[in-house]
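For reference, the structure discussed in these notes is given below.
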Amino acid sequence: MVIFDSHKKEKVEFKPIKDNEVRIYVCGPTVYDDAHLGHARSSISFDLLRRTLKALGYKVTFVKNFTDIDDKIINKMNATGKTLSEITTHYINSYLKDMQALNVKRADIEPKATESLEAMFDIIQKLLDKGYAYKLENGDIYFDVSKDEEYCSLSHKCPEDEGVHRVEIEGKKNPQDFALWKACKGEGDVCFDSPFGRGRPGWHIECSAMIKKHIAYDGEYEIDIHGGGADLFFPHHENEEAQSHCAYGGHLAKYWMHNGFVTINGEKMSKSLGNSFFVKDALKHYPGEVLRFYLMSTHYRAPLNFSEEDLIASKKRLDKLYRLKKRVYGLTKKQQDKEFENKLLEAMSDDLNISKALAVVDEFIKDANENLDKNPKDKVLKQKILSNIEFIDKLLGVGGSDAYEYFQAGVDEETKKKIQELIEKRNEAKKEKNFALADEIREELKKMGIQIQDTPNGTLWEKV
RNA sequence: GGCGCCAUAGCCAAGUGGCUAAGGCAGGGGCCUGCAAAGCCCUGAUCCCCGGUUCGAAUCCGGGUGGCGCCUCCA
């Protein structure tokens, strides 16, 4: 497996810290709103990483957190009058539901920041003891970046001070110092008891703590891979790394991976720009699997400019896989095709080269169709095809649905019945060589958004 | 202002020094079909511009131009 390490800024051979085990931590969402396509893409990217590593035989422990305490959540509380847990529970469930629709596997561990406070206290205390942190008069505790010689060596993105717009806080020693603990600000704030007084944690400390609590090794590196959106590299990941190595000595992660953004009209999708596209809204128009296929079809590090036109083109590509699946429908026995599996896995092993992988899939579909045309009754051939489709589902997370249901999504039972009746009527007309009537019926179906195909196995239909 | 990324056919998108520049969508031609649809076959780019390195560059270096991101919450 080769991955692009955003710390070294190059592709490197992946070697786990311990044997065949891989520990991955990915920054999850701050749960104050529904998931947008950017969250979806990040999730799908690391889902592909996880599936690939598993297929390669690694034992993978995958952790994705929920940031459930944050300024934005508090703002939402004050705006809606709801409690913290009402808001976070709602958006966590909404997130999980969306990700399930996208065929993203649930993480092995899904820690919440509010349930990891003890681990945060430990880091903060160590940083205070070692002189890396200091307390302001108002009770806030800050990390002193000037004490950490390695600060900035992770992302290489630390800016010079000129031209930077930063929030000034009274008493901060360096402009880049960041909050580890925010003292309680009274009414309207959410506060927890701590050894440092009532307050709440800073954002960066949460991830360091959850890693330490759940999956950290004690050695040179705490985990194998740390992932997240490209926007998190600096300052979030830089700060996580700083806290962790100053508190515990080792580095946080052996490899760092960052996914690119989803853009709209070439601009980053974000709340502040007001151009967010929610997953739940997209799901009203397209099946989750189609959305997943589209979002994953651009390499995870490249920006993806969302366009409905491209999404439709992408769907047509996926349709072909399902049409092939229809041709081997009903089979249960499988015949493993190691050559195909290796080819697909090899593509994904190259820093998740999805374009190469999808080209392998396309080639497979083409060959399979061609061979089925030549030998429609070849059982072994069909079993291999079925087996390959299952492998595609396992590795890429698409192709696992029922082939008929895939094409009939969103059509209610009553309509299905009507379609069936029209098809039968047409078949009779065809038998009587009444092609004018047959064509008329086909036209009627077309107006309903239904396209039919006459095949040796009868007339099939698809929703366009 | 600092740091960084990107620029390949109508569109999406691989390829990071060397055989004829993957694959998909759209388009054109054909086979199949009562006609369609589906499927299969054939068909398209010399890689933003200029200069350099090299026997040889889309791929490396320098300079442009054009997009974008991070530096403030953000996947």
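Chain A is the first sequence line, chain B the second, and so forth, proteins listed ahead of strands; every chain is numbered from 1.
- At the phosphate of B/G69, neither OP1 nor OP2 sits under 4.0 Å from any side-chain N or O atom of A/K157.
- Going from the P atom of B/U53 to that of B/A58 covers 16 Å, rounded to whole Å.
- Residue A/K320 has a polar side-chain atom (N or O) positioned under 4.0 Å from OP1 or OP2 of B/C25.
- Cysteines A/C184 and A/C191: SG-SG separation is under 2.5 Å.
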Where do N or O atoms of nucleotides 26-31 of chain B meet protein N or O atoms at under 3.5 Å, pair by pair?
unit_1: B/A26; atom_1: OP1; unit_2: A/K316; atom_2: NZ; d: 3.4

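- Atom name P, nucleotides B/G44 and B/G10: the rounded distance is 14 Å, in whole Å.
- For A/F277 and A/H36, the ring centers are positioned 6.0 Å apart or more.
- Ring geometry for A/F178 against A/F143 counts as parallel: the plane angle stays under 30°, on a 0 to 90° scale with 60° as the upper cut.
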Any protein N or O atoms within reach of nucleotides 8-14 of chain B? Criterion: under 3.5 Å, listing atom names and distances.
unit_1: B/C11; atom_1: O2'; unit_2: A/D310; atom_2: OD1; d: 3.2
unit_1: B/A13; atom_1: O2'; unit_2: A/S355; atom_2: OG; d: 2.8
unit_1: B/A14; atom_1: OP1; unit_2: A/H299; atom_2: N; d: 3.4
unit_1: B/A14; atom_1: O5'; unit_2: A/S355; atom_2: OG; d: 3.1
unit_1: B/A14; atom_1: O3'; unit_2: A/N353; atom_2: ND2; d: 3.4

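- When Watson-Crick and G-U wobble pairs are counted only if both distances are under 3.5 Å, B/A21 pairs with no nucleotide at all.
- Taking the P atoms as reference points, B/C70 lies 38 Å from B/A21, given to the whole Å.
- Here the two rings, on A/Y95 and A/F66, have centers that are under 6.0 Å apart.
- Here, B/C32 and B/G39 have their C1' atoms 9 Å apart, quoted to the whole Å.
- Remark: A/D454 engages A/K430 in a salt bridge, criterion side-chain N to carboxylate O under 4.0 Å.
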Return a table of donor-acceptor pairs under 3.5 angstrom between the side chains of residues 357-366 of chain A and protein atoms on other chains or two or more places apart.
unit_1: A/D362; atom_1: OD2; unit_2: A/R317; atom_2: NE; d: 2.9
unit_1: A/D362; atom_1: OD2; unit_2: A/R317; atom_2: NH2; d: 2.5
unit_1: A/E363; atom_1: OE1; unit_2: A/K343; atom_2: NZ; d: 3.3

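- Under 4.0 Å is where a charged nitrogen must lie from a carboxylate oxygen, and between A/D378 and A/K382 no such pair does.
- Ring pair A/H237/A/F233 is perpendicular by interplanar angle, where above 60° counts as perpendicular and below 30° as parallel.
- In this structure, A/R323 reaches the B/G39 phosphate: one of its side-chain N or O atoms is under 4.0 Å from OP1 or OP2.
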